[in-house]
Enquirer: 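Let me begin by handing over the structure; questions about it come next.
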Amino acid sequence: MARHLITSALPYINGIKHLGNMVGSMLPADVYARYLRQRGHDVLYICATDEHGTPAELAAKEQGLPVAEFCAQAHDAQKAVYDGFALAFDYFGRSSSPQNVEITQHFARRLNENGFIEERAIRQVYSPTDGRFLPDRYVEGTCPHCGYDKARGDQCENCTRVLDPTDLIDPRSAISGSTDLEVRETKHLFLLQSKLQHEVEEWVARHEDDWPQLASSIARKWLNEGLHDRAITRDLDWGVPVPADTWPELAAEGKVFYVWFDAPIEYIGATKEWADQDPENRDWKSWWYEADDTVRYTEFMAKDNVPFHTVMFPATELGVREPWKKVDYVKAFNWLTYYGGKFSTSQKRGVFTDQALDILPADYWRYFLIANAPESDDSSFTWEHFTATVNKDLADTLGNFVNRVLSFSKKRFGEEAPAGGTPGEAEARLGEEIARLLAEYEQQMEALQFRKAAAALRALWSAGNSYLEEKAPWLEIKTDKDAAALTLRTAMNLIHLYAVVSEPFIPATSAAMRQAFTLADDTAAWVSADEAKSLSSVPAGTPFTVPPVLFAKLTDEDLETYKERFGGDTAA
């Protein structure tokens, strides 16, 4: 089986993330990783908190904490939420790790040796009020492109255009709010992306036909506009230090690398963190170095992160002139909006992941988000849509099916799967339909088409309900007890099948369904087409229990409570 390396965009350390962030990177990566593991592949799913940059310093200052202490606490808080969502990372690291410092500095030295880093004197914003140079995110103002009045000096959150602080209209210090700003000369390191333009174009051309149109179009747009040399150092107290053995003057001034230089390298750094926990059995370099022929690398991210991962980081990897693994497939997502308005961490708009888990268990959110993932276009979260999806798909189609089958069978035949007669034409048709739908589900999962995969999974669940309605065991038992027993045992086999194949979407619920049956040797990782047709994994005589309600139906009162708490029907 192939070895699959999976990464999702690093969640920034500053604050708990919202549902849009979850569905745009980490959750689909987890669903895909779980699926591949079930199919027998060797999978390594790596993520980490992105801990450097000005927002971390500002947030730490606001809380009165040293930035290192703030980041350590915030990392643990985020990890607790991701554990709550059952994200099965192989490792969840930190970009402030010694491993990332080591590898980032190595990359910088190699780029410098190869002529792709240049020290330049530039004019930079200085705040006399704050007594310091202001890195790009320490400068806020109005975006010259869209007029958004809270744009940062590196990128406009509203239109996603990359900016320089001097581009902003009416700039102000993010530290003090002072508009008394000057422009002074200082020195920084620049990555000469312009010298790598042709190589990056050739690399993108070899991959873009395989990528989703969203990812390839964004990469092509950046390349068509031309790659510009970009400063990769900042005046900050917190970050990967510029190595003194290569740039002693800048190191003495306390320069650190720009967060967007070191953050993608943390994918490699976090893999080394993982390996360093068990060095005798884990080889981080086999995943990243000279691994083009042995590893399939898939990245998951929202569209605002695409340029950095399809253009800027590949330029860095190409420039070091070493055989580091580059991404094979970029799964890019559009925005999940909240009633048509943008989710925003900074402005506390929308539902945040910790709040979501306070309301309902993770599987409710996992299924809804993936079933409505913003793949081809932006999609909108509304409480009305969420409630309807939970009630129709989870509570009625899946949950009610499981409860009806097991409760009725326990009442009429006891706590063991009934034997019944020989499967007939209805069971044969059902087996063929289940095998067909399972193949469709597998095809969409392999293609990373998550909404279509969710539709195929929902169709699998619906097939069980259709079979139950056709056979009507509550009527069969009045005239043919064996026929009713066969129907119920067949339905139990469907429940077990659902438990196995639904695991990537709803792992906790899948475990509950699987544990309902006391099978002597239940080690099935997946279901083959022949097994789907035969529906024989739960033999007669298998003890079973009726699990608690898998999914509670949400009421109109619940809906109004959610809307009152979080707002609704308003786009911001």
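Residue numbers start at 1 and run along the sequence shown.
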Enquirer: side-chain hydrogen bond (donor to acceptor under 3.5 Å, both in side chains) for H52 and D262? Distances and angles first, verdict last.
Expert: CA-CA 9 Å; H52 294 139; D262 82 83; 3.3 Å; yes

Enquirer: So, E140 and R172, do they make that salt bridge, N to O below 4.0 Å?
Expert: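 Yes.
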
Enquirer: Would you indicate whether the side-chain heavy atoms of N21 and H18 approach each other to under 4.5 Å?
Expert: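 Result yes, sub-4.5 Å side-chain heavy-atom pair found.
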
Enquirer: Determine whether E299 and Y297 satisfy the following criterion, side-chain hydrogen bond (donor to acceptor under 3.5 Å, both in side chains), listing intermediate values before the conclusion.
Expert: CA-CA 7 Å; E299 288 182 343; Y297 177 19; 2.8 Å; yes

Enquirer: Establish, from distance only, whether the side-chain atoms of S178 and T129 form a donor-acceptor pair under 3.5 Å.
Expert: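 A donor-acceptor contact under 3.5 Å links the two side chains.
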
Enquirer: Tell me the closest heavy-atom pair linking R132 and P135, and the distance in Å.
Expert: NH2-CD, 4.2 Å

Enquirer: Provide the closest heavy-atom pair for A332 versus V306 in the form atom of the first, atom of the second, distance.
Expert: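 Answer, listing the atom of A332 first, then V306: CB-CG2, 3.6 Å.
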
Enquirer: Under a 4.0 Å threshold between the charged nitrogen and the carboxylate oxygen, would E113 count as salt-bridged to R321?
Expert: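 Here R321 does not pair with E113 in a salt bridge, since their nearest N and O are not under 4.0 Å apart.
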
Enquirer: Please indicate whether Q277 has more than 12 foreign heavy atoms, meaning atoms of other residues, nucleotides or ligands, lying under 6.0 Å from its CD.
Expert: yes

Enquirer: What distance do L189 atom CG and R234 atom CZ have between them, rounded to the nearest 0.5 Å?
Expert: 11.0 Å

Enquirer: Could you give the distance from CD (E322) to CH2 (W288), rounded to the nearest 0.5 Å?
Expert: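 So the gap between those two atoms works out to 14.0 Å.
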
Enquirer: Any idea which heavy atoms bring E51 and S96 closest together, and the distance?
Expert: OE1-OG, 2.7 Å

Enquirer: Which distance, rounded to the nearest 0.5 Å, do you find between the CG of D229 and the CG of L192?
Expert: 4.5 Å

Enquirer: Does any non-hydrogen side-chain atom of T298 lie less than 4.5 Å from one of L5?
Expert: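 No, too far: nothing below the 4.5 Å cut-off.
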
Enquirer: What do you reckon, is CD of E62 surrounded by more than 12 foreign heavy atoms closer than 6.0 Å?
Expert: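 It does not: E62 CD has 12 such atoms or fewer within range.
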
Enquirer: Could you check whether W260 and F313 have their ring centres less than 6.0 Å apart?
Expert: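 Not under 6.0 Å, so no.
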
Enquirer: Is it the case that Q124 and D235 place a side-chain donor and acceptor less than 3.5 Å from each other?
Expert: yes

Enquirer: Holding to side-chain contact (heavy atoms from CB on, under 4.5 Å), I want the full list of residues that pass it with A447, two or more places apart in sequence or in another chain.
Expert: Q449

Enquirer: Please table the atom pairs, donor to acceptor, closer than 3.5 Å between any side-chain atom in residues 355-362 and protein atoms at least two apart or in another chain.
Expert:
unit_1, atom_1, unit_2, atom_2, d
Q355, OE1, F352, N, 2.9

Enquirer: Out of curiosity, Q78 CD to I13 CD1, how far, rounded to the nearest 0.5 Å?
Expert: 5.0 Å

Enquirer: From H198 NE2 over to L196 CG, what is the distance, rounded to the nearest 0.5 angstrom?
Expert: 11.5 Å

Enquirer: F381 versus F566: any side-chain heavy-atom pair under 4.5 Å?
Expert: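 No, their side chains stay 4.5 Å or more apart.
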
Enquirer: Sub-3.5 Å donor-acceptor pair from the side chain of E57 to the main-chain atoms of W238, do we have one?
Expert: yes

Enquirer: Between W222 and M312, is the side chain to side chain contact (heavy atoms under 4.5 Å, CB included) condition met? List the steps.
Expert: CA-CA 10 Å; W222 270 52; M312 290 178 66; 3.9 Å; yes

Enquirer: Taking Q155 for its side chain and T160 for its backbone only, find out whether a donor-acceptor pair lies under 3.5 Å.
Expert: yes

Enquirer: Is there a side chain to side chain contact (heavy atoms under 4.5 Å, CB included) between D245 and R109? Walk through the geometry before answering.
Expert: CA-CA 9 Å; D245 58 7; R109 292 187 187 101; 3.2 Å; yes

Enquirer: Please determine whether a side-chain nitrogen of the Lys or Arg among R152 and D154 lies less than 4.0 Å from a carboxylate oxygen of the Asp or Glu.
Expert: yes

Enquirer: Please check if the side chain of K195 supplies one atom and the backbone of G115 the other of a donor-acceptor pair under 3.5 Å.
Expert: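 Yes; at least one donor-acceptor contact below 3.5 Å.
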
Enquirer: For S127 and L134, which heavy atoms make the closest approach, and how far apart are they?
Expert: CB-CD1, 3.8 Å

Enquirer: Establish, yes or no, whether a centroid distance under 6.0 Å links the rings of H188 and Y258.
Expert: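 No - the distance between ring centres of H188 and Y258 does not fall below the 6.0 Å cut-off.
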
Enquirer: Report yes or no: does T337 contribute a side-chain atom to a donor-acceptor pair with the main-chain N or O of K342 at less than 3.5 Å?
Expert: no

Enquirer: Do F190 and I232 have side chains that get closer than 4.5 Å, going by heavy atoms?
Expert: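 Side-chain contact under 4.5 Å: no.
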
Enquirer: On a heavy-atom basis, which atom in L111 and which in G319 lie closest, and how many Å separate them?
Expert: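 So the two residues come closest at CD2-C, 3.4 Å.
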
Enquirer: May I ask you to check whether H4 and D42 show a side-chain donor-acceptor distance below 3.5 Å?
Expert: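 No - no donor-acceptor pair under 3.5 Å links their side chains.
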
Enquirer: Give the C-alpha distance, both sets of side-chain angles, the deciding distance and a yes or no for side chain to side chain contact (heavy atoms under 4.5 Å, CB included) between T233 and V256.
Expert: CA-CA 5 Å; T233 52; V256 301; over 6 Å; no

Enquirer: Quick one: does T104's side chain have a donor or acceptor within less than 3.5 Å of a partner on V101's backbone?
Expert: no

Enquirer: Before accepting this row, confirm whether a basic side-chain N of the pair E225/K221 lies closer than 4.0 Å to the acidic partner's carboxylate O.
Expert: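 A salt bridge is present here (some side-chain N lies under 4.0 Å from a carboxylate O).
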
Enquirer: Going from CD on E249 to NZ on K255, what distance comes out if it is rounded to the nearest 0.5 angstrom?
Expert: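 The CD atom of E249 sits 9.0 Å away from the NZ atom of K255.
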
Enquirer: Counting only N and O atoms by type, is there a donor-acceptor contact under 3.5 Å from the side chain of Q193 to the main-chain atoms of R230?
Expert: no

Enquirer: Side chains of T49 and Y12: is there a donor and an acceptor less than 3.5 Å apart?
Expert: no

Enquirer: Which is it for F300 and T7 under the side chain to side chain contact (heavy atoms under 4.5 Å, CB included) test, yes or no, and what are the steps along the way?
Expert: CA-CA 6 Å; F300 291 79; T7 64; over 6 Å; no

Enquirer: Under 3.5 Å, is there a donor-acceptor pair between the side chain of R3 and the main chain of S286?
Expert: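 Indeed, once roles are kept as given, a pair shorter than 3.5 Å links the two residues.
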
Enquirer: Are the ring centres of Y82 and F92 closer than 6.0 Å?
Expert: yes

Enquirer: Please confirm whether the backbone N or O of L10 pairs with a side-chain atom of D50, one donor and one acceptor, at under 3.5 Å?
Expert: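 Such a contact is absent between D50 side chain and L10 backbone.
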
Enquirer: Side chains of Y267 and H309: do they bring a donor and an acceptor to under 3.5 Å?
Expert: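 Short answer, yes.
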
Enquirer: If only side-chain N and O atoms count, and only distance matters, is there a donor-acceptor pair under 3.5 Å linking N334 with E375?
Expert: no

Enquirer: Between the side chain of K325 and the main-chain N/O of V295, is any donor-acceptor distance below 3.5 Å?
Expert: yes

Enquirer: Cation-pi between K331 and F333: NZ/CZ under 6.0 Å from ring centre and within 45° of the ring axis?
Expert: yes

Enquirer: Check whether any side-chain N or O of D149 sits under 3.5 Å from a backbone N or O of T142 as a donor-acceptor pair, and report yes or no.
Expert: no

Enquirer: Let me know which of Y367, W365, Y364, Y338 forms a ring-ring contact (aromatic ring centres under 6.0 Å, His included) with F386.
Expert: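 For F386, the ring-ring contact (aromatic ring centres under 6.0 Å, His included) check succeeds only for W365.
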
Enquirer: Is R220 paired with E208 through a side-chain N to carboxylate O contact shorter than 4.0 Å?
Expert: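 Yes, E208 and R220 are salt-bridged.
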
Enquirer: How about Y289 and W284: are their ring centroids closer than 6.0 Å?
Expert: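 Aromatic pair excluded; centres sit 6.0 Å or further apart.
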
Enquirer: Would you kindly check if the NZ (Lys) or CZ (Arg) of R366 is within the cone defined by 45 degrees around the ring axis of F505 and under 6.0 Å from the six-membered ring centre?
Expert: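 No, R366 does not lie over the aromatic ring of F505.
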
Enquirer: Is atom NZ of K303 surrounded by more than 12 heavy atoms (other residues, nucleotides or ligands) closer than 6.0 Å?
Expert: yes

Enquirer: Would you call D30 and R34 a side-chain contact if the rule is heavy atoms closer than 4.5 Å?
Expert: yes

Enquirer: For the pair D130 and S173, evaluate side-chain hydrogen bond (donor to acceptor under 3.5 Å, both in side chains) and give the outcome as yes or no after the intermediate values.
Expert: CA-CA 8 Å; D130 301 308; S173 166; 2.7 Å; yes

Enquirer: Show the nearest heavy-atom pair for residues Y126 and G131, with the distance to one decimal.
Expert: OH-C, 3.4 Å

